[in-house]
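Below, all heavy atoms of this structure are taken into account, side chains as well, without hydrogens, waters or symmetry copies. Chain identifiers are assigned alphabetically (A, B, ...) following the order of the sequence lines, protein sequences preceding nucleic acid strands; residue numbering begins at 1 within each chain. All values derive from a computational prediction rather than experimental measurement.
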Amino acid sequence: RRAEEEARRQEELKAEEERLDQQREAQLDRERNRYIARIEAKVTRSWRPPEGAGRLAAVARVRVNREGRVLSVEVMESSGNPSFDSSLERAVLRASPLPVPDDDELFERNFREFNMKFSPRDM
Amino acid sequence: MTTRRITALILALALWPAAAGAVLTIEITDGVSGARPVAVVPFAHPEDVKPNTDIAEVVATDLARSGRFSPMDREELPARPQKGGEMDMDSWREADQDHVLVGQVDQGADGLVVRTQLMDPYREEQVFGYRFQVPQSGLRRLGHRLADRVYEEVLDRRGAFNTSMAYVRTEEESGDEPRYILAVADADGRNEQTILDSGEPLMSPAWSPDGRRLAYVSFEGGRPGVWVQTVTSGSRERIGPASESRSAPAFSPDGRYLAWTRQDGDNTDIYITDLERGGDPVRVTRHWAIDTEPAWLPGGDGLIFTSDRAGSPQLYEVELDDRARPVSNPERLTYEGNYNASADVAPDGRHVALVHRRNNDNGFRIAVLDREREGLEVVADTTMGESPSFAPNGDMILYAAERSGRGVLESVSSDGRARQRLGMDIGNVREPAWSPFDALTRN
């Protein structure tokens, strides 16, 4: 009986822990999306794609410090067009410092280092 | 798994770039188009050195005129460094300047020495650095060349500031007969030189592709005739007999052929002369309507011309074979509006500048026809636009307009993004023709 009770309490504790984890994850998700949007907005304002960049796309790896200051921008997947590649590098540098979350865990998890994909929709 | 353990694992992943397969990716699909910020700092010079030209101003004016740059106002420059090494990059970033051009002028053993650097405050590096030795008289041209270099570095497109234009200026002094002056000047309207001065009308200057010759129409002898003249030497030659009325000359892109219009009684058609081999001209159009103003496609494989065969002036295209003989019936290109004329084809062959009048409207606007998208866009909303002419890089259009009864030249960015117009006050001028790259003039 006691053992059963103990098992049930353990179960409950575990469930509670999971619930808290999930809650925390959901909160992190919201926070993550908020910062994705903020970074997107700031970089969009500072990106000047070269003329005729229509169907080009490139991916850059961005590293920032804890304050969001851009430490490096490295083109991982080139568009094949040097002036397009350099326009995205410039866009990220110009947008520095980037908005980054206060939450240390979220920052370390997703924002100390992340990728940016640049693909103009219609230009 | 507890939160702490997740954190530990994520931290480990973050410290291990090779394992960071699931890195967050942020996607950017929009950017800003429009003029790029650039700061052109006045070039410094010692007190005893007196350059006759403000090089920085030449550069900034050129860049602004292109519509693709917005140079920072001088009064707002955060500092006036002479060298890239002296720059406080933070202050230029705060001023939102993508590029900063600095320079200085010194006395050299033989003329002036100009040193200049284009700096990138974001990357904190030099984009280019040059040292030039020039005489005073070369400073303005040096400014145009620098503007070209900035244009090329930043936009990855060839600049066309260090080019020329030809036009016809009319001088009318009271009581005297008017004089017609065919002139060539720098693309910013400076340094005019007279090519031909005549008491009879001059019209329709057209550059040879190598920029050494000009074809034009002269009414000397009472009848319009087509002439070809070498710009530097002044030697000239009439194309065809003096008994014929010819007009609207246009060199083929390889310089071998000259297309022109012949008016014979009521009929006006387009012909092509082989300038190398001579012989009889080839008749390109054969229609009772007026066919005129031929403009070559960049490949030399066709002409775009104006014809009123459908009742109002519209643009048509005729294909040519490799010996410049017509191989197709003309095909109509424009349908929008009741007047589309004076075509000039951009170097990309896709865009055609023209004079356009909408239905129910009196204004003659400058418009660009996009042959791929089949759209017509007005780029200069002038009321009396004439003679559009593309810059050799295709990025700008020069045209004539009328302001208070006088002919003035204006230019506009050819995509219509920057519709600013720049008047050049160089007298009563008409019929501008922008030169090719590397035109050979005396300037």
Has [X] got more than 12 heavy atoms of other residues, nucleotides or ligands less than 6.0 Å from its [atom1]?
| X | atom1 | result |
| --- | --- | --- |
| B/Arg145 | CZ | no |
| B/Glu374 | CD | no |
| A/Glu4 | CD | no |
| A/Arg69 | CZ | no |
| A/Glu11 | CD | no |

If I measure from the heavy atoms of chain B, does A/Glu18 come under 4.5 Å with its side chain, its backbone, both, or neither? neither

Test the A/Arg90-B/Tyr122 pair against the cation-pi criterion, namely NZ or CZ under 6.0 angstrom from the six-membered ring centroid and within 45° of the ring axis. no

Got A/Arg94 and B/Arg93 here, is their nearest side-chain heavy-atom distance under 4.5 Å? no

pair B/Glu153-A/Ser83: side-chain heavy atoms closer than 4.5 Å: no

Nearest 0.5 angstrom please: A/Arg48 CZ to B/Leu155 CG, how far? 11.0 Å

Winner by heavy-atom pair count (cut-off under 4.5 Å) against chain A, out of B/Val154, B/Asp98, B/Asp156: B/Asp98

Engaged part of B/Asp96 at the chain A interface, taking heavy atoms whose separation is under 4.5 Å: neither

Work out which heavy atom in B/Val23 is nearest to a heavy atom in A/Asn115; give both atom names and the distance. CG1-N, 3.7 Å

Quick one: of A/Ser86, A/Ala91, A/Ser96, A/Ser46, who has the most non-hydrogen atom pairs under 4.5 Å with chain B? A/Ser86

